[in-house]
2 protein chains.
Amino acid sequence: MAEKVTISTVAQHAQVSRQTVSNVLNSPDVVREDTRRRVLDAIEALGYRTNRAARQMRTGRSQLIAVRIEPTRDGINGSVLDRFLHGLTDAAATAGYRVMLYTAAGPADEIATYDDLLSSYELDAFVLTGTDHGDVRTEWLAARGVQFVTFGRPWDNPERHLWVDVDGASGTAHATDHLIAAGHRRIGFIGWPAGSGVGDDRRAGWARAMRDAGLEPAAALDRQTPDGIAQGESVAGDLLRGDAPPTALVCASDSLALGALQAVRAAGATVAVTGFDDTPVARAVGLTSVSQPLAEAAAGCMDLLASALDGDHAALGHRIGPMLLQPTLVVRQSA
Amino acid sequence: MAEKVTISTVAQHAQVSRQTVSNVLNSPDVVREDTRRRVLDAIEALGYRTNRAARQMRTGRSQLIAVRIEPTRDGINGSVLDRFLHGLTDAAATAGYRVMLYTAAGPADEIATYDDLLSSYELDAFVLTGTDHGDVRTEWLAARGVQFVTFGRPWDNPERHLWVDVDGASGTAHATDHLIAAGHRRIGFIGWPAGSGVGDDRRAGWARAMRDAGLEPAAALDRQTPDGIAQGESVAGDLLRGDAPPTALVCASDSLALGALQAVRAAGATVAVTGFDDTPVARAVGLTSVSQPLAEAAAGCMDLLASALDGDHAALGHRIGPMLLQPTLVVRQSA
């Protein structure tokens with residue numbers, strides 16, 4: 001890789017101060033014409049053209065995108081969005097963008113924050129994580145012509161806006177297929193209460209794989225609970241004490257799966273368990289789990305945004321198809 | 001809490017567009033004097049004064065701070081810096097600041113990134129995570145008069161710059177005291193190779209607590225290894241196969257402790273194990289671990305920066321003392 005060209009390199013080459021280079025990029029009218037020309041020549045000669053600052057000068061854009069950072073809940077599932085954030089920061093840097101963080105207590109607070117951010121900083125775009133039916137945030141941004149991409153699809157209408165998502169149904173179907181191949185027939189599902197896009201999708205994958213194998217995704221095997229280790233343990237305990245207990249459990253999260261494993265151990269039973277998200281906890285306890293390609297998802301978000309901001313509709317049209325990414329099953333001791 | 005005052009609220013109150021409010025804040029000379037007056041009156045009446053944008057107008061500052069986001073390593077210890085980042089974003093929002101992220105492959109790349117960031121954005125300050133002996137990054141920033149705070153103390157000279165840290169030695173001493181109180185006498189330490197500020201500090205806490213109890217922190221019980229589960233397992237296995245194996249192990253990280261637990265289980269031994277950082281993995285496997293007050297550390301960093309940026313030396317003088325925060329021991333099944 002060539003040595004990194006920075007403002008300092010340009011300043012040295014043009015024999016001016018860094019401040020002068022900065023002025024040429026940000027307030028060109030305060031710089032004398034011959035100096036300005038010398039700096040622009042240095043920028044050209046050094047190939048500084050692809051750099052954000054020079055690009056910003058050409059495009060009038062800030063090369064700054066904003067993403068929300070969520071409070072971690074039980075500390076297990078939160079690692080997914082943290083990994084996405086790491087990937088996004090990497091992908092943004094490669095594309096010449098920077099990431100700004102914000103927090104929000106809920107959709108209304110998030111919209112107030114958009115308003116504040118847009119008036120205080122010249123943001124180019126937002127990356128939204130998590131989407132649900134009739135998302136008020138995306139409506140607000142779209143109505144104001146603000147560019148954005150969501151990690152999570154618009155459940156009502158896939159054509160609504162730019163998005164990248166992971167095929168959760170495919171993930172739980174993989175897990176179910178894996179259990180069926182190992183000889184399991186009574187395979188239960190522990191997931192979140194019906195009504196959330198992500199949760200319903202993961203449940204649908206289990207049901208589909210069961211039916212495809214000629215098995216019944218019976219209501220008695222399908223349990224709904226808020227997320228959490230204790231919740232998973234409680235629901236799995238219930239299932240194991242039932243008349244015809246399952247021999248395997250597909251769970252919608254690693255938290256639920258960890259609780260299920262504890263219930264299995266407490267019951268002295270031998271029941272296979274799979275989780276979702278392949279968190280560090282899954283690796284630590286030997287939990288078989290569905291892994292989301294988070295770095296790829298983050299890079300996809302940045303790609304779509306960069307194409308949209310560049311007005312590159314050909315690239316956008318080409319890319320919008322494959323943005324539903326496939327997860328993989330990481331097989332460990334638990335199933 | 002009063003309803004949040006945004007640019008929109010101000011615009012509505014002053015009967016102008018949001019753009020006009022933004023112009024008053026950012027380019028006041030393009031706004032007619034009577035309009036400007038009306039907007040400033042609205043800002044005053046609505047108490048928008050404490051908001052970032054208005055503050056920015058008063059101070060000429062961007063209210064933007066930058067922090068590096070690290071690649072997660074084994075996914076266990078990385079959660080510590082993620083939790084710090086969540087806390088920092090929260091604390092920054094409360095103080096009217098925003099957080100910008102950057103990545104860097106090493107100290108030299110990080111310095112090139114400072115240069116790039118400072119010339120492209122009007123950053124107010126940096127928050128640096130992780131410090132080591134003779135840190136070139138802090139020297140670079142200090143030489144250029146850029147404001148910064150480190151999460152991690154300057155090991156060579158505590159007076160060098162603003163910092164917040166957690167007393168790691170106190171954490172491992174707590175863990176050692178806890179084991180001594182439970183009757184253990186042969187207590188081993190598994191930590192990182194000598195030479196890192198953080199690692200040496202954690203080792204020193206174990207040695208100090210041993211000596212304070214009249215026990216010998218023998219070299220045969222003190223093992224050094226790079227961080228990781230496999231490394232912890234290997235080193236602990238060695239110790240357990242020794243002539244006078246320890247009955248308890250204090251580890252410098254949850255990764256090492258998790259490996260040690262696996263070695264203990266493999267040996268069929270009963271050996272108490274403690275970790276460091278109270279990660280989600282520690283909670284999931286019942287590992288007793290030292291917990292760092294990360295939200296408090298992040299808030300401390302923001303406090304120091306805000307005082308420094310405001311030129312509030314009285315507050316700074318008052319605050320610089322107690323910025324070595326005390327960790328706590330979270331006792332679970334493993335010790």
Side-chain angles (χ1 to χ4, degrees), chain A residues 4 6-11 18-19 21-22 25-26 51-53 56 62-64 66-67 69-72 74-79 82-83 85-86 88-90 92-93 98-104 109 112-113 115-122 229 254-255 258 279-285, chain B residues 3-4 6-11 18-19 21-22 25-26 51-53 56 62-64 66-67 69-72 74-76 78-79 82-83 85-86 88-90 92-93 98-104 109 112-113 115-122 229 254-255 258 279-285:
Chain A
K4 191 166 179 179
T6 66
I7 291 275
S8 292
T9 329
V10 173
R18 285 176 59 245
Q19 185 57 53
V21 178
S22 174
L25 297 172
N26 298 304
N51 179 285
R52 184 185 49 263
Q56 186 169 344
S62 66
Q63 306 291 114
L64 198 55
V67 61
I69 184 166
E70 317 234 6
T72 42
D74 62 7
I76 295 180
N77 302 322
S79 73
D82 285 333
R83 277 155 64 204
L85 187 63
H86 284 269
L88 187 68
T89 308
D90 279 343
R98 299 283 174 193
V99 173
M100 181 188 280
L101 297 179
Y102 65 94
T103 54
D109 188 38
T113 304
D115 196 8
D116 184 38
L117 285 172
L118 288 167
S119 51
S120 303
Y121 302 102
E122 293 173 38
I229 298 175
D254 280 356
S255 304
L258 197 67
T279 58
V281 170
R283 288 194 283 286
V285 305
Chain B
E3 202 183 339
K4 192 166 177 177
T6 66
I7 290 275
S8 293
T9 328
V10 173
R18 286 176 56 245
Q19 185 57 52
V21 178
S22 174
L25 297 172
N26 299 304
N51 179 286
R52 182 183 51 263
Q56 188 170 344
S62 65
Q63 306 292 116
L64 197 54
V67 62
I69 184 167
E70 316 234 5
T72 41
D74 62 8
I76 294 180
S79 72
D82 286 333
R83 278 155 63 204
L85 187 61
H86 284 268
L88 187 68
T89 308
D90 279 342
R98 299 284 174 191
V99 173
M100 181 187 280
L101 298 178
Y102 65 93
T103 54
D109 188 37
T113 304
D115 195 9
D116 185 38
L117 285 173
L118 288 168
S119 51
S120 303
Y121 303 101
E122 292 173 35
I229 298 176
D254 281 356
S255 304
L258 197 66
T279 59
V281 169
R283 287 195 283 284
V285 304

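In what follows, chains carry the letters A, B, and so on, assigned in the order in which the sequence lines appear, proteins first and then strands, with residues in each chain numbered from 1.
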For this session: Would you sort out whether B:Asp116 and A:Arg98 count as a side chain to side chain contact (heavy atoms under 4.5 Å, CB included), showing the intermediate values?
Result: CA-CA 11 Å; B:Asp116 185 38; A:Arg98 299 283 174 193; 3.0 Å; yes

Problem set entry | Toward chain B, the part of A:Val99 with a non-hydrogen atom under 4.5 Å | both

Exercise. Got a donor-acceptor contact below 3.5 angstrom from the B:Asp82 side chain to the A:Asp82 backbone?
Worked result: no

Problem set entry | Heavy-atom side-chain contact between A:Asp254 and A:Thr279 under 4.5 Å | yes

Exercise. Does the side chain to side chain contact (heavy atoms under 4.5 Å, CB included) test come out yes or no for B:Met100 and A:Leu64, once each step is laid out?
Worked result: CA-CA 9 Å; B:Met100 181 187 280; A:Leu64 198 55; 3.3 Å; yes

For this session: Under 4.5 Å heavy-atom distance to chain B, tell me which part of A:Leu88 shows up: side chain, backbone, both or neither.
Result: neither

Problem set entry | Among A:Val67, A:Leu85, A:Thr103, A:Thr89, residue most engaged with chain B (heavy-atom pairs, under 4.5 Å) | A:Thr89

